[in-house]
Structure formats: C-alpha cells, structure tokens
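Working notes, structure below.
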There are 2 protein chains.
Amino acid sequence: MPDSSEDQPSDVSEAASPPTRVTLKEIAAHASVSRSTVSLVMQESPLVAAQTRERVRASAQALGYVYNRGAATLRSARTSTLGVIVHDIANPFFSAMVAGIDETLQRRGYVPFLATSGDSPERQARLIARLREQRVDALLLCPAEQTPACVIASFAGWHMPCVEVMRHVGETPHGDFVGADIPSGIAAAVAHLFAQGHRRVALLAGAGDHSADRQRVTGYREAMQRAGLETEIRVHRGELSRRAGLERTLALMQSPSAPTALICHNDLVALGALLALQRLGLEAGHDCAVVGIDDIDEAALAEPALTSIATQPRDIGQAAAELALARIDDPRGDRRRIVLPAPLEIRATTAFPLGTPQESS
Amino acid sequence: MPDSSEDQPSDVSEAASPPTRVTLKEIAAHASVSRSTVSLVMQESPLVAAQTRERVRASAQALGYVYNRGAATLRSARTSTLGVIVHDIANPFFSAMVAGIDETLQRRGYVPFLATSGDSPERQARLIARLREQRVDALLLCPAEQTPACVIASFAGWHMPCVEVMRHVGETPHGDFVGADIPSGIAAAVAHLFAQGHRRVALLAGAGDHSADRQRVTGYREAMQRAGLETEIRVHRGELSRRAGLERTLALMQSPSAPTALICHNDLVALGALLALQRLGLEAGHDCAVVGIDDIDEAALAEPALTSIATQPRDIGQAAAELALARIDDPRGDRRRIVLPAPLEIRATTAFPLGTPQESS
DNA sequence: CAACCCTTTTGGATCGATCCAAATCACGGA
DNA sequence: TCCGTGATTTGGATCGATCCAAAAGGGTTG
C-alpha cells in the first residue's frame, strides 16, 4: 500500500486553503494518465510500466497527495486497521504487550485502535460495537471478566477475526488464542521451592472469575499435589494491585500458620509482598520466599531481586498480532492456540534453602 | 452518532454468510422509508418524527445492521478517530496518560489510534503519514527528539489539528500544547531541600535534546540561583531507565564530591537511585535525599516512600484529549497552552533535615 | 378555498478510491 | 501487410453513507 509523500503542496504554502483537494483525478490529469492507472500505482501493482509509475509518483509528490484509505476501504473492504481491547493499559504487563503488538503492526503497515474495557463487559460491548463500525480487519481481545460466551461466538457470524489474548471465555478457547504456559511455570516454581525445603507454599490469587485466574489456581493445586503437598494447599483470593499485595501479605504473615513461600498472581502483587516483608522485618528469600508472575522489568531490579515466572508480554503481543494478520489473510484456516513458554527466572527471593541465615552485607 | 445494535441477524444465525450485506437501503426497504430518512435517524437528527425513528431503529436492530463509519467519512469528512503518538507506551507515565486519553475519548464516542515512535523522527514521520491517510480528526503528539520544526508547522497547512503533549519542538510551543509545570515543581523541591539543610543538590537529567529535558535543566538552574546555590549547580546527563538510574547513582555517590540530594528526571530514575543507595548501605532520606518526577503509583509505595513532583499523567491525557476535541469543533479558534500544576509530594526520601540520624525500626 | 407556514420526507448527486471487462499498444512472425 | 499475443491502459459502474434543494403533508388563517 502507498506510503505517501511527506511534504506540503509546493504552491501556496502559506495562508489560504487550496480549495481543490488533491485526489486520484488531479494526479491523473497532472501525469496525463487515467484514474485507474494512478490507482494501480498507489497499490504498487506490477501491471504498470516502470516509467509510468515514476511519472505518477512524481505528480503525486508534486501535488502533495495524501492517500485516502477510507475511500479505498469502501470499495475494497480492507481498512489496514486492527482493534485492541485490554482492561487496563496502565498495567505494565499490558503496556508491554501493546508495545509488542504495535511493533509487529508497524512493520506490516497496520495501525491499531486501542481501547480499555476496565474489565466491564458493558463497556467492552460498546467498544466492540464501535470497532465494528470502524470496520477493523481483526480484533485482539483480552476479554473482560464475566464476558458471556456468545460474544466470542458472534465474531464468526459477522466475519470479523478475533484473537483472544491471555484470557479466554469458557473452559477452552473458542477460536484463536494466544497465551502463556503459566501452569508449567507454576509447576516449576513449586518444584523449585520444594527443593529448597519449603512446604507451606501459599498462592495469592485474584478474586476474579476468568480463565487467567482459574489457570493459576488449578496449576498451583496440581503442582502441590504432585509434590505431595495437598494438605498444604492454601489459595488466598483478593485484589491484585501492588498496594493490595502489601496489605494481604501483612495480614497473612501475621496469622498463626504463616506460609514460608508465596506465589503471587503477578509481579505487582509480589512487589507489594516484598514491601510487606520489609515492614515486618523479614528478609525475602531467607525468612519467606516470594515468586511473582510476568517478570516485568522491575522484577530483576527489586531489592532483593524477585524470582518470577516470565510471561513475556512483548512476545505475546507480537505473536497475537501475527496470528491476527495471518487470520485476516486466511479467514477460514484452522483456528490456532498458541501457548508461549513461561520460564521461571530464579533470583534472590528464592535463591536460598529455607532457614539459611542471611549474611550481613 | 449511532450506537448500533449488539446482536447478530436473527435469521440464519449459523453457517453460511447472508450474501446481502445490510446497508441503509435494506433498512429503508424494511421500514418503508427512504435512505435519507434512515440516515437522519442514524445521525440522531431531531428532524425525524419520533414514531418514524422508532420504526427505523427496530428495522435496523432486526436486520443486524452495523453502521459503516468509513462510508460516512467519505462524504462528511469526519472519522471520529484521533491519532496518539508517544515514544514508549511501556513507560508508566505514558501508559497512564494514554489511559486518561482513552477515558475522555470513550465518553465522546471517539476511538484512538495508538502508535509509538521509539523517539525516532523517521518512524514518527511514517506514522504521521499513515495517520493522515486514515484521516484522523486530530493528532496528539509527544514529539520525538530532533523533530524538525517544520513538521509541526505543516499540520496547519494540511488542516489537521495537532496538540503537542509534554514536549514541544522549538523554544515555545508552536500551536496547541498541554504539559505540566515542572519548573515550579522543581523550584518547590529545591526550596524544600534547602530548608532541610541541603546545599549540594544535583540533577540527574536526560541526555536528550527536547523541551521536556531543557525545561528541567533551566528550572533547576534558576531555582538553584534563587536559593543562592549557583556554585553548587551540577547537571549530570545520561540515560533515563531504572537501571541507568541505579548505575548513574552508584557512580555519582562514590565520587569525591558526592551530592546530598538528587533530583531525578523521572521516577524510574529516582527508583533506580534508591536501589543504588541501598546497595551502598546509605539510607535514602537520611544520608541522601531523593526527589523524583511524575509521581507514578509506585513512588508512594517504595521503601522509603519517594518524594516526587506529581505530573499527573492521567489528567494531562484527559486535558489533551479535551483540547483536541475542542479544536476539532473550532479549528480556527485561538491556540491554547495548558500547563497543569505539578505539586511536590513530600515523602520519606526528603522527610528529614540533613544529618538526622535514622531511627532503628 | 387559496395562501402560507412548519414539520417531515425524499430523490439524486456526491465523496474518492477500486474492480473489471474491454480497449489500446508494441512487436515479432506468417 | 495482417494477425496474434502479451503487456499496459482505460472508462464506467460501484462501494455505503451524507448533503441539499425541493416536495409532500397537515394545519391555520384570511
């Protein structure tokens, strides 16, 4: 598709608006060819002769032409546009994911519409409607909690590819899906903690009811069972902010049967937990191990450095965008479920066997 | 503008595509009115009779109509679309700002295109070209470093409103601008630090050459002069990540004339500085004061809590979006420069007079 | 009953590109 | 010279909405 010129019309550069807008017709007149030929040039069609192509390009440049993608869309039904709905762009996981999406799309000449649902199905429904009106070529959706299954199902009916990202509605993804293999990461974390001597390994989960949440809980349950720790299973549900992580950990660690290791729903919660331990005078990694999920930049820099299950949001964003583009090219190909590995990054907060005294620094 | 129906066509909900797409024409036939009338209903025009309006709405709903904004755009030259270009969406300041933008736009039925320039003027130029092709109604731009002045100037020529956010090219904003009053915040910080007994107050600035950077440096210089500390002025330039903040502080504090207080370009750098102090066995707020800029969520939760100049990204995003929408409605109104206050949030990292011993906890 | 006004509705032209079938061109071979 | 063939180019219809000037309906009034 055309990558139009970047400078203004070279005639009256100041003041009044040139009342004639530049369209294919003007270029055609200027280059003495037909509108159709100009259109072919704009589409980089191999049909036009090299010489003609150059002449047309020069005319377009000279007149300060800007391709009108909207008009093209009307006829060709392609917008080079893609919708992205997440619940919260301020969450570092999603902003990194969006960065990955943007990177892939820019390379392919697509532009993303970004919108945030705030985890509200109503707002999400409004956004979907709006993106349909804009005729996006596909949608990347991290579905809000409580999204009814019919929402995802309807996309097929109205011929709009939809890739679910990170979460999916229903037990198993209904169509295309991209996510991270968090259960394996949790299994690795539990095994690692077990090897370090931990038995009372608790999970700080979310209070929500979506697949990303359930996945963590069942992953944790199964891993604990495999380690023979079914009696030690403790799932604590609650909010997921940094502040909530702090408060929840404060409460938890002061209870009679405090755990010796925490696996947290995400790094924000885990970083909050680190703060709580610090306030309690406990040393993370010695008195209590902590594992986060996502491995955001901050994890490696925290003090002590946070062990985390790396969900690699940027890669997920890229994979999701690529899948969406592939689906646009081949709408009736087989649906795909891409699950990227989520390796455990072991750092100071789980580096020492339980009970190891901390050395003075 | 229309907020179309949310459910699928009620006839053949499964399998094959209904080969006739639903347009105004189909609705017109179904409701026995003309295309024009249906169009007026979709535009919520007060001209149509209430009864007719209802009948048309019912038909649209029944047929599963989806408004085609692209087609409307072609005639009316409004897209209900707006471009947003920032350098890095993964930066918490910008992701919060984008959240504010999105919030305001959603209320007004607009959808934002989001793109990231990575601070590269070439990439930025490509993105601007692409957004022009999409005919966005306006652009919110945080200009990349080294953006040539002519880029901003050309927007007026091609009739696309552009609001510069946080940074502006040239000495003073060329057109509409929304930013934060960082110089006043820095002045308050210097005065506060001075009152606490600090004299060697250093600035950890960026290495860049854009207004947001210069603004901090001159704000700092002038504040130091006003405090009679012109001989203590130390501007250190370098990278701006959390990691860079850590490394730069490590180097700085081990130099012979280490400062007693640091003002950092942003909170990420300041949080890096806190980590550095910790590693050096120094107590932030006692051995060395630290001030950040932005007041991201994390600042209040850091240990010790970080004093920060609150640039309030969400408010800035909202203000910028509102200004852009106002400019769309009134393209030739007076240009506006909105500078939001950036109050100093005093917390533990500057809470104690210089030399106060730390109490044991 | 005609003239007039106000509210509603309407047909046809239009926005700027793409699609497609048909026309044109260039050139070598019969 | 005429024809076939492949490479280019072209006119006109089309996508789905909006705009506008004009028409139709429905009272009221003189």
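Note on naming: letters A, B, ... go to the chains in the order of the sequence lines (proteins, then strands), and numbering restarts at 1 for each one. None of the values given here were measured: they were computed from a predicted structure.
- Counting non-hydrogen atoms under 4.0 angstrom, B/Thr23 reaches the backbone sugars and phosphates but no base.
- Distances shorter than 4.0 Å separate some side-chain N or O of A/Thr37 from OP1 or OP2 on D/dT10.
- Regarding A/Leu47, its CG atom lies at a distance of 18 Å from the P atom of C/dA23, rounded to whole Å.
- To the nearest angstrom, C1' of D/dA13 lies 8 Å from CZ of A/Arg75.
- Close to C/dT8, at under 4.0 Å from its OP1 or OP2, lies no side-chain N or O of B/Gln51.
- The phosphate of D/dG16 (OP1 or OP2) has a side-chain N or O of B/Arg21 nearer than 4.0 angstrom.
- The backbone N or O of A/Ala90 sits nowhere less than 3.5 Å from a side-chain atom of A/Ser95 that would complete a donor-acceptor pair.
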Are A/Arg123 and A/His87 close enough, and set up right, to give a side-chain hydrogen bond (donor to acceptor under 3.5 Å, both in side chains), and what steps lead you there? CA-CA 10 Å; A/Arg123 221 166 114 186; A/His87 12 284; over 6 Å; no
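- Which of D/dA17, D/dT9, C/dT9 sits closest to the side chain of B/Ala49 comes down to C/dT9.
- Ranking C/dG16, D/dT10, D/dA13 by closeness to the A/Val33 side chain, first place goes to D/dT10.
- Toward the 5' end of DNA chain C, the nearer of the two residues A/Ser76 and A/Ala71, judged by each one's closest nucleotide, is A/Ala71.
- The side chain of A/Thr52 contributes an N or O atom lying less than 4.0 Å from OP1 or OP2 of D/dT9.
- Checked against C/dG11, C/dC19, C/dT8, the side chain of B/Ser34 finds its nearest nucleotide in C/dG11.
- Contact check, B/Gln43 against D/dC19: a side-chain N or O comes under 4.0 Å of OP1 or OP2.
- Between the C1' atom of C/dT14 and the CG atom of B/Leu24 lies a distance of 15 Å, rounded to the nearest Å.
- To the nearest angstrom, C1' of D/dC15 lies 9 Å from CG of B/Leu74.
- The aromatic ring centres of A/His174 and A/Phe155 sit 6.0 Å or more apart.
- For A/Arg69 and C/dG16, the CZ to C1' distance is 14 Å, given to the nearest whole Å.
- Going from atom NZ of A/Lys25 over to atom C1' of D/dT10 covers 16 Å, rounded to whole Å.
- B/Arg135 has its CZ atom 14 Å from the P atom of C/dC15, to the nearest Å.
- Atom CZ in B/Arg35 sits about 10 Å away from atom P in C/dG12, given to the nearest Å.
- With B/Met160 as the partner, the side-chain contact (heavy atoms from CB on, under 4.5 Å) test is satisfied by one option alone out of B/Leu131, B/Ile328, B/Val136, B/Ile128: B/Val136.
- A salt bridge is defined here as a Lys NZ or Arg NE, NH1 or NH2 lying under 4.0 Å from an Asp or Glu carboxylate O, and B/Asp176 with B/Arg327 meets this definition.
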